[in-house]
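Chain identifiers are assigned alphabetically (A, B, ...) following the order of the sequence lines, protein sequences preceding nucleic acid strands; residue numbering begins at 1 within each chain. In what follows, every heavy atom counts, from backbone to side chain, and hydrogens, waters and symmetry copies are set aside.
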There are 2 protein chains.
Amino acid sequence: MITQAGAPGTATGAMESQDLKKAGLKATLPRLKILNILEKSRLRHMSAEDVYKALMETGEDVGLATVYRVLTQFESAGLVRRHHFEGGHSVFELDHGKHHDHILCIKCGRVDEFMDETIEERQRVIARKAGYDMTDHSLYIYGICTDCQKKEKGRGR
Amino acid sequence: MITQAGAPGTATGAMESQDLKKAGLKATLPRLKILNILEKSRLRHMSAEDVYKALMETGEDVGLATVYRVLTQFESAGLVRRHHFEGGHSVFELDHGKHHDHILCIKCGRVDEFMDETIEERQRVIARKAGYDMTDHSLYIYGICTDCQKKEKGRGR
DNA sequence: ATGGTAATGAGAAGGGTTCGCATTGTATTT
DNA sequence: AAATACAATGCGAACCCTTCTCATTACCAT
């Protein structure tokens, strides 16, 4: 199962005040705006900086520190998931409930998602064998995507 | 296949000048000292800071910048592998050739290693299906280790 | 030994993220 | 609806890890 990341999950209606309150967070303007950006953006995975820029572009006045704070709160509240990609920066994506892993292009940064039940199961087995009570896992496959492979051709590298 | 990380690979003799030269690196004192730390340390996975501290403790005079530089060179030379654990910092371990993934305890930081051919194969299949030319992958399982599970008992949370 | 060049140390700089605090906004009370 | 209590925000400073700069030092070949 491989899905192209990029198209936001617009099937469900937009989140609103109630959703925030349900999550135990006050429905403040910055939080609503950020939630909105995450839903509307064409990028499924956004860094704090991405969110901040998007906010600026729509003329909103929200500080970068707030973006970080809010994203962290959203994470704690289970609204978004944080991923640690290589290079030391995090990206966030709305948590639509269904777990998935990532495959990303080291050239252009493109991100695709996949989910493989065989791998999931093996992980559970491995954790159990090692005596661990598994809480989470992260799997990232790095490679060169189709487009970048084409661009590569004819270069000594 | 699950192996406990922590016991350094002392089976083979200590690396020396020749090993560095073989790797295309000048055999300088700092590089030898750092290689030595990596071999002798009780920790298999060390951050640059860990290495630096170990150096200080043995009275060696090596700058932190050099530690970073050398570790990066070692990585390029294939002597060590760099892992990006959560929280945005890297750890390094001597590359003994055999690929493996990690399972780590979120309580005490303990790290174990494992290798599962089924998972490896699935990853290759997934990358191919997604049109990627796979260059690398990282898999981390997070959980609570046996010891920490025992300590947890009898506490709410 | 001597020289040429790459490697080092020290500190400054960099990028991403968090902190501190006065100010503003939200939910709640009167 | 106005006031109140306190959490949330914005801003810049501070932080952490990592990389860079550059004068000095060390390695290797001659």
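- Across the protein-nucleic acid pair, A:Gln73 atom CD and D:dT9 atom P stand 6 Å apart, rounded to whole Å.
- Between the side chains of B:Thr66 and B:Arg69, a donor-acceptor pair is found at a separation under 3.5 Å.
- In this structure, CG of B:Leu71 is placed 11 Å from P of C:dT8, rounded to the nearest angstrom.
- Whole-Å rounding puts the A:Leu32 CG to D:dA8 C1' distance at 13 Å.
- In this structure, B:Tyr52 atom OH and D:dT19 atom P are separated by 16 Å, rounded to whole Å.
- Using a 4.0 Å cut-off between charged nitrogen and carboxylate oxygen, B:Glu93 and B:Arg82 do not count as a salt-bridge pair.
- Atom P of nucleotide C:dA13 and atom CG of B:Leu64 are separated by 17 Å, given to the nearest angstrom.
- Between B:Arg31 and B:Lys26 the shortest side-chain heavy-atom distance falls below 4.5 Å.
- Atom NE2 in A:His83 sits about 18 Å away from atom C1' in C:dG16, given to the nearest Å.
- Classified by interplanar angle (parallel below 30°, tilted 30° to 60°, perpendicular above 60°), the ring pair A:His100/A:His102 is perpendicular.
- Rounded to whole angstrom, the span from the CG atom of B:Leu20 across to the P atom of C:dA6 amounts to 18 Å.
- Phosphate proximity of D:dT19 to B:Tyr68: absent, as no side-chain N or O sits under 4.0 Å from OP1 or OP2.
- By the 4.5 Å heavy-atom criterion applied to side chains, A:Arg122 and A:Ile119 are not counted as neighbours.
- Put simply, B:Ser90 has a side-chain N or O that comes within less than 4.0 Å of OP1 or OP2 on D:dT18.
- Side-chain contact annotation: A:Asp112 with B:Tyr132, donor-acceptor N/O pair under 3.5 Å present.
- The distance from atom NE2 of A:His84 to atom P of D:dC17 is 15 Å, rounded to the nearest whole Å.
- There is no path of hydrophobic side-chain contacts, each under 4.5 Å, that joins A:Leu38 to A:Leu29.
- For B:Thr72, whose side chain is taken as the heavy atoms from C-beta onward, the closest listed nucleotide among D:dT18, C:dT17, D:dT19 is D:dT19.
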B/S/- along nucleotides 22-30 of chain D (protein heavy atoms under 4.0 Å) is -----BS--
